Asker: 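Pasting in a structure now, in structure tokens, and then I'll have a few things to ask.
These numbers come from a predicted model, not from an experiment.
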Amino acid sequence: WMNNQLYMNSIKQFIPAPVKQILRSTVNEIKHRGYMKGQNSKGVRKINIGSGADRLPGFLNIDIDEATGADIVRDIEKGLPFDDASVDEIHCAHTLEHIKDLMFVLREFYRVSKPGAKITIVVPLMDASDITHVRFFTKDTFRTLVEEQYWKSPYYYVGKYKQLSTSFRQLSTCEEMTISLEVLK
């Protein structure tokens, strides 16, 4: 720690004062908005993955497309930028059908979630009407998350969850499923 501090102090002497001021004010603004930690004023971190233009109030909105104006521009297939067990709630609507490595992304959801965290996933069922979809879901796709026999398999294991609810809605091209899960750790 001491060596890192000395190193940082030696670097700081080469940064011009106006640049230091800009950096300081930028960091303070980021902290003020809660973007650095992604937490609201009560210390609760809620993230909306694949937000697009559907920004959820009280959530940190994450999207791969910079044009959406998301709080964090990120390809979630490269990992989530949060510490282990640091997220209280995840909302992910109409995103997972575009994900190639679903197992990795679901493991990331579990990794960053606190025990008892709520995860809501919304996916279209068997929808081939969108050429950007790389995978299809059925009503049974997520049973590997909530059935104990899958928790013992290193191949299927992406985390342990309790299913809170499942609902369905008819869209113009397909049926949509919403599943709510509680993280068990």
Asker: Tell me, which pairs form a side chain to side chain donor-acceptor pair (under 3.5 Å) where one or both residues lie in residues 153-165, sequence neighbours left out?
Answerer: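 Listed by first then second residue: Q163-T166.
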Asker: Without swapping roles, check the side chain of T95 against the backbone of A93 for a donor-acceptor pair under 3.5 Å.
Answerer: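 Side chain of T95 to backbone of A93, a donor-acceptor pair under 3.5 Å: yes, one is there.
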Asker: Short question: side chain of R74, backbone of G79 - any donor-acceptor pair under 3.5 Å?
Answerer: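 Yes, the answer is positive, given that a donor and an acceptor are paired below the 3.5 Å cut-off.
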Asker: Who else is in the cluster with V122 when I, L, V, M, F, W and Y are joined by side-chain contacts under 4.5 Å?
Answerer: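 V122 clusters with nothing; isolated.
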Asker: Do F109 and L181 come within less than 4.5 Å of each other through their side chains, counting heavy atoms only?
Answerer: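 The answer is no, as the side chains (C-beta and beyond) never meet within the 4.5 Å cut-off.
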Asker: Mind checking side chain to side chain contact (heavy atoms under 4.5 Å, CB included) for K78 and listing every partner two or more places apart, or none if nothing turns up?
Answerer: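 For K78 the side chain to side chain contact (heavy atoms under 4.5 Å, CB included) partners, ignoring immediate neighbours, are D75.
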Asker: What distance separates C174 SG from M126 CE, expressed to the nearest 0.5 Å?
Answerer: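 Those atoms lie 10.5 Å apart.
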Asker: Specify the closest pair of heavy atoms between E97 and V123, including all atoms of both residues, with the distance to one decimal.
Answerer: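 Looking at all heavy atoms of both residues, the closest pair is OE1-CG1, 4.0 Å.
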Asker: Provide the full list of ring pair (Phe, Tyr, Trp, His ring centres under 6.0 Å) pairs with a residue in residues 120-147, sequence neighbours left out, each pair given once.
Answerer: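 Residue pairs with at least one partner in residues 120-147: H98-H133, F137-F142.
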Asker: By the salt bridge (charged side-chain N to carboxylate O under 4.0 Å, His left out) test, which pairs, at least two apart or in different chains, include something from residues 126-137?
Answerer: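 For residues 126-137, and leaving out neighbouring residues, there are no salt bridge (charged side-chain N to carboxylate O under 4.0 Å, His left out) pairs at all.
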Asker: Apply side-chain hydrogen bond (donor to acceptor under 3.5 Å, both in side chains) to D101 and list each qualifying residue two or more places apart in sequence or on a separate chain.
Answerer: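 Listed in chain order: nothing, the list is empty.
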Asker: Output the distance between atom OG1 (T144) and atom CG (L106), rounded to the nearest 0.5 Å.
Answerer: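 Atom-to-atom, T144:OG1 and L106:CG are 7.5 Å apart.
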Asker: Quick one: closest heavy-atom pair of D63 and A70, and the distance?
Answerer: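 Closest pair (atom of D63, atom of A70, distance): N-CB, 3.7 Å.
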Asker: Quick one: does any side-chain atom of E176 pair with a main-chain N or O of L171 as donor and acceptor, under 3.5 Å?
Answerer: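 Side chain of E176 to backbone of L171: no pair is present.
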Asker: Between Y150 and V158, is there shared hydrophobic-cluster membership here, with clusters defined by ILVMFWY side-chain heavy atoms closer than 4.5 Å?
Answerer: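 No, no single cluster joins them.
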Asker: Sub-3.5 Å donor-acceptor pair from the side chain of R55 to the main-chain atoms of G69, do we have one?
Answerer: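 Confirmed, R55 side chain pairs with G69 backbone.
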Asker: Taking C-beta and beyond as the side chain, do V183 and I90 meet within less than 4.5 Å on heavy atoms?
Answerer: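 Not touching, per the 4.5 Å side-chain cut-off.
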Asker: What residues join L56 in its hydrophobic cluster, counting side-chain heavy atom gaps under 4.5 Å, either direct or through other members?
Answerer: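 Its cluster mates, by chain and number, are F59.
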Asker: List for me each residue that meets side-chain hydrogen bond (donor to acceptor under 3.5 Å, both in side chains) alongside N48, sequence neighbours excluded, and say none if there are none.
Answerer: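 Result, side-chain hydrogen bond (donor to acceptor under 3.5 Å, both in side chains) vs N48: N61.
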Asker: Would you compute the distance between atom CD1 of I179 and atom OG1 of T141 and round it to the nearest 0.5 angstrom?
Answerer: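 It comes to 9.5 Å.
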Asker: Do any pairs count as a salt bridge (charged side-chain N to carboxylate O under 4.0 Å, His left out) and have a residue in residues 144-159, sequence neighbours left out, and if so which ones?
Answerer: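 Salt bridge (charged side-chain N to carboxylate O under 4.0 Å, His left out) check on residues 144-159 returns R143-E147.
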Asker: Kindly write out the residues that satisfy side-chain hydrogen bond (donor to acceptor under 3.5 Å, both in side chains) with H91, not counting sequence neighbours, or none if the list is empty.
Answerer: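 With neighbours one apart ignored, the set is empty.
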Asker: Measure the spacing between CG of L184 and OG of S113 and express it to the nearest 0.5 Å.
Answerer: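 L184 atom CG to S113 atom OG measures 11.0 Å (nearest 0.5 Å).
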Asker: How many angstroms lie between atom CG of L96 and atom CG of L102, to the nearest 0.5 angstrom?
Answerer: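 One finds 5.5 Å between CG of L96 and CG of L102.
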Asker: Tell me the salt bridge (charged side-chain N to carboxylate O under 4.0 Å, His left out) pairs involving residues 83-93, sequence neighbours left out?
Answerer: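 Qualifying pairs: D84-R111, D88-K114.
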Asker: Report yes if some heavy atom in the side chain of K185 is under 4.5 Å from a heavy atom in the side chain of Y110; otherwise report no.
Answerer: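 Yes, at least one pair of side-chain atoms sits under 4.5 Å.
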Asker: Consider only side-chain heavy atoms of I, L, V, M, F, W and Y, link residues closer than 4.5 Å, and tell whether V112 and M103 are in one cluster.
Answerer: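 The answer is yes; both residues are in one hydrophobic cluster.
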Asker: Between W151 (side chain) and L145 (backbone), is there a donor-acceptor pair under 3.5 Å?
Answerer: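 Yes: the side chain of W151 pairs with the backbone of L145.
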Asker: Taking atom CD of E66 as the centre, report whether more than 12 heavy atoms of other residues, nucleotides or ligands fall under 6.0 Å from it.
Answerer: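 Counting neighbours around CD of E66, 12 or fewer heavy atoms of other residues, nucleotides or ligands fall under 6.0 Å, so no.
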Asker: So which atom in V73 and which in I64 form the shortest heavy-atom distance, rounded to 0.1 Å?
Answerer: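 Distance-wise, the nearest heavy atoms are CG1-O, 3.5 Å.
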Asker: Not counting sequence neighbours, which residues clear side chain to side chain contact (heavy atoms under 4.5 Å, CB included) with S172? List them please.
Answerer: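 Per chain and number, S172 pairs via side chain to side chain contact (heavy atoms under 4.5 Å, CB included) with no residue.
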Asker: Quick one: do the T178 and R169 side chains pair a donor with an acceptor below 3.5 Å?
Answerer: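 No, no side-chain donor-acceptor contact under 3.5 Å.
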Asker: For residues A117 and V87, report the shortest heavy-atom separation together with the two atoms involved.
Answerer: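 Smallest heavy-atom distance, with atoms named: CB-O, 3.5 Å.
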